[in-house]
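First up is the structure itself, then whatever we jot down about it.
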2 protein chains.
Amino acid sequence: MAQEKQVPDIVVGRLPIYLRALTFLKTEHREITSSQELGDRLGISSAQIRKDLSHFGEFGKQGTGYDIRHLESNLKRILHVDRMWDVVLIGAGDLGHALANYRGFAGRGFRISAVFDKSTDKIGNEIVEGLVVEDVAKLSERVKEVGWHMAIVAVPAEEAQSVANTLMEAGVKAILSYAPISLMVPSGIRVEHIDPAVHLQHLTYYLG
Amino acid sequence: MAQEKQVPDIVVGRLPIYLRALTFLKTEHREITSSQELGDRLGISSAQIRKDLSHFGEFGKQGTGYDIRHLESNLKRILHVDRMWDVVLIGAGDLGHALANYRGFAGRGFRISAVFDKSTDKIGNEIVEGLVVEDVAKLSERVKEVGWHMAIVAVPAEEAQSVANTLMEAGVKAILSYAPISLMVPSGIRVEHIDPAVHLQHLTYYLG
DNA sequence: CGACCTTTGTCAAAGTTTGCACAAAGATGT
DNA sequence: ACATCTTTGTGCAAACTTTGACAAAGGTCG
């Protein structure tokens with residue numbers, strides 16, 4: 001039943017979680033797992049995991065479960081992270097710094113390949129080995145020249161929409177935004193938002 | 001219909017987004033808005049916004065819309081951010097640094113009130129004015145003493161589960177984790193995960 | 001070999017979430 | 001004062017998502 005119909009976005013959103021769990025199991029030198037075990041670890045029902053995976057093919061073996069490396073490589077293929085994506089980062093503040101230095105991207109398909117900021121204090125600085133902060137005024141030009149498809153926005157709320165507009169106009173198709181506003185984008189462009197205060201507020205609701 | 005039945009978690013999860021949008025409208029010196037306008041800005045249908053809010057009471061006025069300050073203060077009350085929450089941060093790496101320095105928490109109900117790390121290089125450093133990194137070995141003791149209810153975990157994957165266990169054992173009820181693993185927690189404890197690679201992989205699915 | 005155990009992939013049912021559509025209430029403008 | 005416009009809150013139906021259950025397939029072990 002490989003992708004006859006469009007796969008629900010909510011299912012797609014769980015695949016990276018499954019992939020992460022498989023990579024973790026590998027660090028424990030495990031070779032085989034089951035929907036039951038994955039579900040227990042992730043707090044998801046085993047039926048849901050089987051159903052989700054069934055949208056893309058048959059990866060398991062009855063009576064045994066899933067070969068971890070096999071399922072992992074299939075999920076990487078499905079998510080298109082069986083290649084390396086160059087990502088452009090806008091914002092070289094504390095957060096931009098943390099992202100540029102984050103060691104976790106490489107093993108999961110991503111490389112921060114350029115950093116932009118508007119502050120003259122930061123432009124020209126080598127934020128991390130081999131990565132010099134460029135002037136955001138050159139952003140549009142450089143995106144068109146290099147052809148990046150993905151960007152991470154780590155600028156203050158006031159600047160985020162205008163940076164996003166520049167990126168989209170220059171051809172970027174997917175944005176991960178850390179700015180505490182909801183970016184408005186036309187259909188065809190995909191955005192994900194990360195805002196720690198939103199998550200904390202979701203938690204406090206239940207703290208009564 | 002104020003909270004007769006339990007409100008779905010998916011609805012609760014949208015409230016902080018609504019709250020953020022209202023705060024943003026205030027920066028534009030707006031006083032009134034409508035479900036239509038909010039929906040357009042957030043990419044959510046107006047009916048959904050009205051329905052979500054109706055779980056908690058009636059906040060709008062027919063023919064007019066919503067008074068921004070009135071709805072904002074109600075949402076703050078509902079989410080329990082009409083007070084300040086002290087949050088303990090574990091991990092004083094680049095990310096911990098960015099979080100400790102983040103100016104955005106204060107206006108939204110949160111204050112990082114202590115930082116812990118295991119590295120002797122970091123313990124004793126003043127990570128930000130008035131906030132000295134403490135030894136994670138003292139974490140349990142200090143949490144029990146002070147009684148924090150919320151924590152942010154910004155340590156490497158290998159240490160995250162054990163830090164979370166310490167926190168829960170010491171009485172923490174809600175955790176925001178930046179570690180790239182799914183924390184296993186008993187029911188009664190709430191966890192939210194932030195993992196940029198997960199979001200990026202969700203995006204690459206659609207980049208074909 | 002055969003009995004028994006495990007686990008997948010899938011169907012149908014149950015449960016949840018969203019969106020339409022509209023009455024009621026309030027605004028606006030002549 | 002009235003017609004017209006706007007916008008809420010909600011009942012209902014449609015769409016979507018999750019779960020339970022099970023046949024089929026494969027493994028284990030005496």
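FYI, side chains are in, hydrogens and waters are out, and symmetry mates aren't considered; it's all heavy atoms of this structure. Chain naming here is simple, since letters A, B, ... match the order of the sequence lines and numbering starts at 1 in each.
Looking at heavy-atom distances under 4.0 Å, A:Ile10 makes contact with sugar-phosphate atoms alone, never a base. Backbone-only contact: A:Ser35 has heavy atoms under 4.0 Å from sugar-phosphate atoms and none from a base.
Atom C1' of nucleotide D:dG11 and atom NE2 of B:His55 are separated by 14 Å, given to the nearest angstrom. Rounded to a whole Å, the CD atom of B:Glu37 is 15 Å from the C1' atom of D:dT8. Atom CD1 of B:Ile49 is separated from atom C1' of C:dC20 by 16 Å (rounded to the nearest Å). Between A:Lys51 atom NZ and D:dT17 atom P there is a gap of 10 Å when expressed in whole angstrom units. Here C:dT8 presents its P atom at 9 Å from CG of A:Leu53, a figure rounded to the nearest Å. Rounding to whole angstrom units, CD of residue B:Gln36 and C1' of D:dC5 are separated by 14 Å. Taking atom CZ on B:Phe56 and atom P on D:dT8, their separation rounds to 18 Å, with Å as the unit. Computed from coordinates, the A:Gln48 CD to C:dT7 P distance equals 19 Å when rounded to whole Å.
Side-chain atoms of B:Asp52 and B:Gln48 form no donor-acceptor pair, as typed in the model, at a separation below 3.5 Å.
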Residues B:Arg20, A:Ser182; criterion side-chain hydrogen bond (donor to acceptor under 3.5 Å, both in side chains); working and verdict: CA-CA 8 Å; B:Arg20 187 174 67 180; A:Ser182 296; 3.0 Å; yes

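Under the Watson-Crick or G-U wobble criterion, with both distances below 3.5 Å, D:dT4 is left unpaired in every strand shown. The nucleotide C:dG19 finds its pairing partner in D:dC12, both defining distances of the Watson-Crick or G-U wobble pair being shorter than 3.5 Å.
Each of B:Arg77, B:Lys76, B:Glu72 was compared with B:Asn74 under the side-chain hydrogen bond (donor to acceptor under 3.5 Å, both in side chains) criterion, and only B:Arg77 meets it.
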Contact state string [nucleotides 21-30 of chain D, B base, S sugar-phosphate only, - no protein heavy atom under 4.0 Å]: B--BBSS---

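With sequence neighbours excluded, the residues that form a ring-ring contact (aromatic ring centres under 6.0 Å, His included) with B:Tyr102 are B:Phe105.
Taking CG of B:Leu19 as the reference point, atom CG of B:Leu71 lies at 8.5 Å (rounded to 0.5 Å).
Comparing A:Phe59 and B:Asp9, the nucleotide of DNA chain C nearest to each residue sits closer to the 5' end for A:Phe59.
Contact annotation: A:Ser45 reaches the phosphate of D:dT19 (side-chain N/O to OP1 or OP2, under 4.0 Å).
The B:Tyr66 side chain lies nearest to D:dT8 when the options are D:dT18, D:dT8, C:dT17.
Dense packing is recorded around NZ of B:Lys26, with more than 12 heavy atoms of other residues, nucleotides or ligands lying under 6.0 Å away. Counting heavy atoms of neighbouring residues, nucleotides and ligands inside a 6.0 Å radius, atom CZ of A:Arg30 exceeds 12 of them.
C:dA14 has its base anti relative to the sugar, with a glycosidic angle deviating from 0 by more than 90°.
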